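Below is one structure, written out as structure tokens; the observations come after it.
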Amino acid sequence: MTTATGEKRNEPTSSEYDVAIVGGGAAGLSAAVFTSRYDCSTVVFDRGPSAIHRCYNIENYLGFVGIDPQQFLQLGRAHAQYEGCEIVDDLVETVERPEALDGEFRLETQQSETVTASRVIAASAYTADYLSSLDDGAFHEPGTHPVDCDTATGRTSIEGLYVAGWLSGEPHQVIISAGHGARVAKSLITDLRVEAGFWDEVASYWDWRVAGGTYGDAGWNEHIEEWVAETIPEEESIADERRERVTEAIIEERRSFQLSEKAREQRTADSRQLLETHLLSDE
Ligand SMILES: Cc1cc2nc3c(=O)[nH]c(=O)nc-3n(C[C@H](O)[C@H](O)[C@H](O)COP(=O)(O)OP(=O)(O)OC[C@H]3O[C@@H](n4cnc5c(N)ncnc54)[C@H](O)[C@@H]3O)c2cc1C
């Protein structure tokens, strides 16, 4: 993969996405890294008032003694784009879920773009008036925040709609907002996996890297099958077809967690390049 360097885009390249994220601050961008890595087609819309622009210098984000908020966001954008997400500089004006769209959300933007998405993450910090027509106006009262949600997971009473970052009522600090975006994206991914037949314990296990050759040695398949069987909740009886399907999916997934030395070196080099471009260069 080539290194994305913060490409500017004013319109989406598609009219349909798996995940649409409203707000490209720490929470929205962090969520986008996770959903993109799960191969969900992801678009982030970002325009409008941002809390981070009022912060003069970020001095409490792990690894940074002091970083300019603008550079921090550029780095975050470049990382999310590197993982495959699209970032569109446009303001979302409405999010609706018309019956005709069979559970999909429809987002309309200030520049008259319309996209549909199966899931939406609202990560717009101060304002969420674009949600006010959902549930016939009962879901969100315009002019108010935070938005009503389960703060730990970001899930809301509207299936497929999640809230991340400051908008959820989480304490405001950039590192907390970034962590919350990741947490909410993981809830969304867990929900997708549960829908696909994964039971809870295996549904939330995802996204890490191990050295190539770690999974797949002799006896490994039996070991993983045993492990998967042990995770099945006792009160549930899992049909053979489902057990086999999930076990196979997990075996394949674990193999994909393996990273060759070459791929690891490439990512390290790409990471350095992003830092050079967005933080260390004098331009
Ligand atoms: C004065 C001040 C100083 C601060 N200082 C610090 C500090 O020193 N250290 C620290 O860690 N934290 C600090 N914070 C807190 C920090 O800024 C927030 O915790 C963090 O920015 C929240 O991240 P977020 O992603 O939830 O929201 P934001 O960073 O605000 O991102 C939300 C994004 O959504 C966009 N948006 C909004 N509505 C829409 C829409 N309808 N369509 C498209 N895009 C939309 C906005 O433009 C914005 O880019 C400070 C905050 C303030 C106000």
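When a ligand or atom number is given, it counts from 1 through the structure's own listing order. The residues of the chain are indexed from 1 along the displayed sequence. Quantities reported herein were computed from a predicted structural model and do not represent experimental measurements.
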Numbered atoms of ligand 1 (with element) below 4.0 Å of W166, judged on heavy atoms: 18 (C), 26 (O)
Out of all atoms in ligand 1, which are within 4.0 Å of some heavy atom of N57? Include the element for each. 8 (O)
Measure from [atom] to every heavy atom in [options] and give the option owning the shortest one.
| atom | options | value |
| --- | --- | --- |
| atom 23 (O) of ligand 1 | A123, G165, S177 | S177 |
| atom 37 (C) of ligand 1 | S50, G25, S124 | S124 |
| atom 9 (N) of ligand 1 | V174, L29, N60 | N60 |
| atom 8 (O) of ligand 1 | C55, S30, G66, G24 | C55 |

Donor on one side chain, acceptor on other, E225 and N221, under 3.5 Å: no
Answer yes or no: does an N/O atom from [X] fall short of 3.5 Å to an N/O atom of ligand 1?
| X | value |
| --- | --- |
| A125 | no |
| R54 | no |
| Q173 | yes |

Side chain, backbone, both or neither: which part of Y130 comes within less than 4.0 Å of ligand 1 when only heavy atoms are counted? side chain
Under-4.0 Å heavy-atom contact with ligand 1, by part of I52 that carries it: both
Any heavy atom of Y61 closer to ligand 1 than 4.0 angstrom? no
What protein heavy atom sits nearest atom 35 (C) of ligand 1, and how far off is it? D46 OD1, 3.2 Å
Ring-plane angle category for H145 and Y126, please: parallel below 30°, perpendicular beyond 60°, tilted otherwise. perpendicular
